[in-house]
Structures are given as structure tokens and as C-alpha cells.
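Take a look at the structure set out below.
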Amino acid sequence: MFAWLHATALAETIRESSYLFPWIESIHVLALTLVVGSISIVDLRLLGIASRDRSAAQLMAEVLPFTWTAFIVALLSGGTLFTSHAVGYAQNFQFRMKMLLLALAGINMLVFHLFTGRHAARWSQDHPIPWQARLAAGISLTLWIGIVAFGRWIGFTNVQ
């Protein structure tokens, strides 16, 4: 499957162009910056470090649409970049670690939203944010730092 992706016309066009890969990578990095930034805003609120003047539920309702939009752009641009050297990326340790951490971040988010986060409307000064939500936020921040670090590290490896 990776060899097939590598041989597609899209992958060839990206590899042969002097401009496509850097432009797509720039879009990917900008989208990822919005994803990590918006997730960090929510995580820091859940940890009680920032935006304490707003409810967690209100902040999540305002920020998460931007997160999802940026995530879709990052997913599409990252997938496009992947096709250009699919076999090399699939064998790259840093890429595999980034994907593993991304999957774990998705699981963490899913568990949070299915269980703890669905009660966010109740959290206030009278009912502080539960430890489970703070734990999920700490795990999220840690995973996203790792995703960014491994993603950046990919750029310093020889992927062919």
C-alpha cells in the first residue's frame, strides 16, 4: 500500500516540484500550530492555569470548532506530504512515534469527552474541575509536546 501511494501521480508531482512540498509543509505546520495552540488553551484552563475567568464549558465551545477545522487541514496536508515518500515515512521511527502519540492523544480526548468532559457545564467555583479532567489535560499537553517534537525531528531524518 505504501509503495502504491508513493507511485501515485500526486506523490510524483510533489516530489518533482521545487515548490509543492515546502508550501504544503508550511500549511501543515500552520494548521498544527492552530491545533496545538487551541488545545493548549483548553488544557491550561482545565489545569486552572489560564482563562480562569471563563467557564471550561464556554471556552471549549468557543475554541474547539477552530481546533477541528485546523485538525482537518493538518490531516489533509500531512496525508498529502506522506504520499510523497510513503515508504520512507512508514519506516521512519520518528514518524511512527508521532503517529503513536497522535493516536494516544485521540484516545485521551475521546475518553475525556465521553466521560469527564460531558459534565463540564457543572464545573464552576462551587464545583471545581475534577482531578480526572486535570489529569486528561496534563496528558494531552504532554502528548502534543511529543507530537510536535517528533514531527520536527522527522525533518532532520533522511526520508526517501
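Here, residue 1 is the first one in the sequence, and each next residue gets the next number. Here the structure is a predicted model, which means the values were calculated and not measured.
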So, for [X] and [Y], which heavy atoms are closest and what is the spacing to 0.1 Å?
X: A31; Y: A74; value: CB-N, 3.6 Å
X: A105; Y: I147; value: CB-CD1, 4.1 Å
X: S84; Y: A11; value: CA-CB, 3.9 Å
X: A86; Y: L5; value: CB-CB, 3.8 Å
X: A120; Y: M60; value: CB-CE, 3.4 Å

Hphob cluster co-occupancy, [X] + [Y], side-chain heavy atoms under 4.5 angstrom:
X: I49; Y: L46; result: no
X: M1; Y: M99; result: yes
X: V35; Y: V73; result: no
X: F66; Y: V36; result: no

side-chain contact (heavy atoms from CB on, under 4.5 Å) partners of [X], counting only residues at least two apart:
X: S17; answer: Y19, L20
X: R134; answer: L47, I129, W131
X: A50; answer: L44
X: L100; answer: M97, L104

For the [atom1] atom of [X] and the [atom2] atom of [Y], what is their distance to the nearest 0.5 Å?
X: D53; Y: L59; atom1: CG; atom2: CG; value: 9.5 Å
X: L10; Y: T80; atom1: CG; atom2: OG1; value: 6.0 Å
X: Q94; Y: I154; atom1: CD; atom2: CD1; value: 7.0 Å

Please list, chain by chain and in numerical order, all residues satisfying side-chain hydrogen bond (donor to acceptor under 3.5 Å, both in side chains) with [X], sequence neighbours excluded.
X: T67; answer: S38
X: H119; answer: R122
X: S77; answer: H28
X: Q58; answer: E62

Practice prompt. List the steps and the verdict of ring pair (Phe, Tyr, Trp, His ring centres under 6.0 Å) for W153 and F150.
Written response: CA-CA 5 Å; W153 196 354; F150 277 109; 5.5 Å; yes
Would you check if [X] and [Y] make a side-chain contact, meaning some heavy-atom pair closer than 4.5 Å?
X: L34; Y: L30; result: no
X: N108; Y: H113; result: no
X: H6; Y: R15; result: yes

Discussion item. Show every ring-ring contact (aromatic ring centres under 6.0 Å, His included) that has at least one partner inside residues 92-112, sequence neighbours left out.
Written reply: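 Every ring-ring contact (aromatic ring centres under 6.0 Å, His included) pair that includes a residue of residues 92-112, provided the two are not neighbours, is F82-F95, Y89-F95.
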Discussion item. Going by the rule ring-ring contact (aromatic ring centres under 6.0 Å, His included), which residues pair with W23 if we only count those two or more places apart in sequence or in a different chain?
Written reply: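 Expected list: none.
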Practice prompt. Verify the neighbour count for atom CZ of R152: are there more than 12 heavy atoms of other residues, nucleotides or ligands below 6.0 Å?
Written response: no
Would you mind writing out the side-chain donor-acceptor pairs for residues 137-145 within the sub-3.5 Å range, not counting sequence neighbours?
from, atom 1, to, atom 2, distance (Å)
S140, OG, D43, OD2, 2.6
T142, OG1, G138, O, 2.9

Fill in: Donor-acceptor under 3.5 Å (R96 side chain, A90 main chain)
yes
Fill in: Residue pair F21, L81: steps toward the side-chain contact (heavy atoms from CB on, under 4.5 Å) verdict
CA-CA 7 Å; F21 192 95; L81 292 172; 3.5 Å; yes
Discussion item. Through direct or indirect side-chain contacts below 4.5 angstrom among Ile, Leu, Val, Met, Phe, Trp and Tyr, which residues connect to V29?
Written reply: none
